[in-house]
Amino acid sequence: MCAGMQRGRFISLEGGEGAGKSTQGRLLAERLGAGGREVVLTREPGGSAGAEAIRALLVEGEADRWSAVSETLLMYAARRDHIERLIEPVLERGAWVVCDRFLDSTRAYPGAAGGAPKTLIEALELDVVGAVTPDLTVILDMPAEAGLARAAGRAGGEGRFESKGLGFHERLRAAFLDIAAREPERCAVLSAEGEVEVVAARIWEVVAARLAEAVDG
């Protein structure tokens, strides 16, 4: 990073299926960009060429295609490439990153909901993610059944996680809420229910409050 250049900010959006993360991430990136900032919108798994190739392995196919441990390893392989090739360079040049899912999705999906060992996830997080953690994580929360109903209307073949059943998704919701309770300084839980514009306003209120100095500047 050049002398005097401020590192960019990193915002992640998390939550269960159908919570509207992709739509809200796009709206947030647009609003931040309208203020004159360079904003890069990305997603996980994915965000770089290598990570997108791994994404197809994770989100397509049968629910039991991978064990929870294999799923964790694939997610972290994708995440490392994403960090190296996109997230870290963007932050280093002072731009902002808005990411649809990040490390909390691994803690929640193969971790708390899937049963992968917490020690494995913690070790990978330490060595793969390191200091590249979000400045703010917005967790979009809604009942699992309602989220799955929303997700059922999406096009495409990326339905592997949706097919894991309601019990899995209820554990998933509990996991995200537990993460937020453990890390309240980083995480904010917001209702994902309501009109798109209403949810977007909730998110902006939190971003403006938590990152006030950077947003105002």
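It should be emphasised that the depicted structure is a prediction, and the values quoted were computed from it without experimental measurement.
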Approximate separation, where rounding is to 0.5 Å, of Leu73 CG and Ser67 OG: 8.0 Å
Name of the residue among Arg101, His169, Glu71 meeting side-chain hydrogen bond (donor to acceptor under 3.5 Å, both in side chains) with Tyr109: Arg101
Minimum-distance pair of heavy atoms, taken over all atoms of Val206 and Ala188: CG1-CB, 3.7 Å
Check against side-chain contact (heavy atoms from CB on, under 4.5 Å), Val39 and Arg31: CA-CA 10 Å; Val39 183; Arg31 185 158 184 179; over 6 Å; no
Hphob cluster co-occupancy, Trp96 + Leu27, side-chain heavy atoms under 4.5 angstrom: no
Distance in Å, Thr72 OG1 paired with Leu58 CG, rounded so as to fall on 0.5 Å steps: 9.5 Å
Verdict with reasoning, Asp141 to Phe176, per side-chain contact (heavy atoms from CB on, under 4.5 Å): CA-CA 8 Å; Asp141 178 59; Phe176 280 122; over 6 Å; no
More than 12 heavy atoms of other groups within 6.0 Å of Arg80 CZ: yes
Nearest heavy atoms of Leu172 and Gly16, plus distance in Å: CD2-CA, 4.2 Å
Where Cys187 and Ala180 come nearest, the two heavy atoms and their spacing: CB-CA, 3.8 Å
Spacing of OG1 belonging to Thr106 relative to CE belonging to Met75, to within rounding of 0.5 Å: 5.0 Å
Beyond-backbone contact of Ile139 with Asp104, side-chain heavy atoms, under 4.5 angstrom: no
Same apolar cluster (I L V M F W Y, side chains within < 4.5 Å links), Leu190/Ile11: yes
Residues Arg37, Arg9; criterion side-chain contact (heavy atoms from CB on, under 4.5 Å); working and verdict: CA-CA 11 Å; Arg37 303 170 193 84; Arg9 297 304 181 100; over 6 Å; no
Check: Leu148 and Glu145 side chains under 4.5 Å, non-hydrogen atoms: no
Nearest heavy-atom neighbours spanning His82 and Cys99: CE1-SG, 3.8 Å
Pair Glu17 + Arg173: basic N to acidic O under 4.0 Å: no
Trace of the side-chain contact (heavy atoms from CB on, under 4.5 Å) decision for Phe102 with Thr42: CA-CA 10 Å; Phe102 194 60; Thr42 188; over 6 Å; no
Aromatic Tyr76 / basic Arg79 pairing, under 6.0 angstrom, 45° off normal: yes
Cluster overlap Leu124 with Leu103, hydrophobic side-chain contacts below 4.5 Å: yes
Verify same cluster id: Phe168, Leu74 (apolar side-chain graph, 4.5 Å): yes
Flag side-chain contact, heavy atom, 4.5 Å: Glu88 against Val97: no
Sub-4.5 Å side-chain heavy-atom contact between Phe10 and Thr137: no
Spacing of CG belonging to Leu32 relative to CD belonging to Glu38, to within rounding of 0.5 Å: 12.5 Å
Within 6.0 angstrom of Glu62 CD, more than 12 heavy atoms from elsewhere: no
Donor-acceptor contact present, side-chain Lys21 to main-chain Asp100, <3.5 Å: no
Gap separating the OG atom of Ser48 from the CD1 atom of Ile54, nearest 0.5 angstrom: 7.5 Å
Nearest non-hydrogen partners of Pro134 and Ser12, listed with the distance: CG-OG, 3.4 Å
Charged N-O contact under 4.0 Å between Arg107 and Glu14: no
Non-hydrogen atoms of Ala112 and Ala175 that approach each other most closely: CB-CB, 3.5 Å
Spacing of Asp135 atom CG and Arg186 atom CZ [to the nearest 0.5 Å]: 10.5 Å
Pair Glu92 + Arg7, salt bridge at N-O below 4.0 Å: yes
Backbone of Gly47 reached by a side-chain donor or acceptor of Arg55 within 3.5 Å: no
Min side-chain heavy-atom separation Arg93-Val90 under 4.5 Å: yes
Check ion pair Arg43-Glu52 (N to O, under 4.0 angstrom): yes
Enclosure of Glu183 CD (heavy-atom neighbours >12, cutoff 6.0 Å): yes
Flag, side chain of Arg65 to backbone of Glu60, donor-acceptor distance under 3.5 Å: yes
In one Ile/Leu/Val/Met/Phe/Trp/Tyr side-chain cluster, 4.5 Å: Met142, Leu140: no
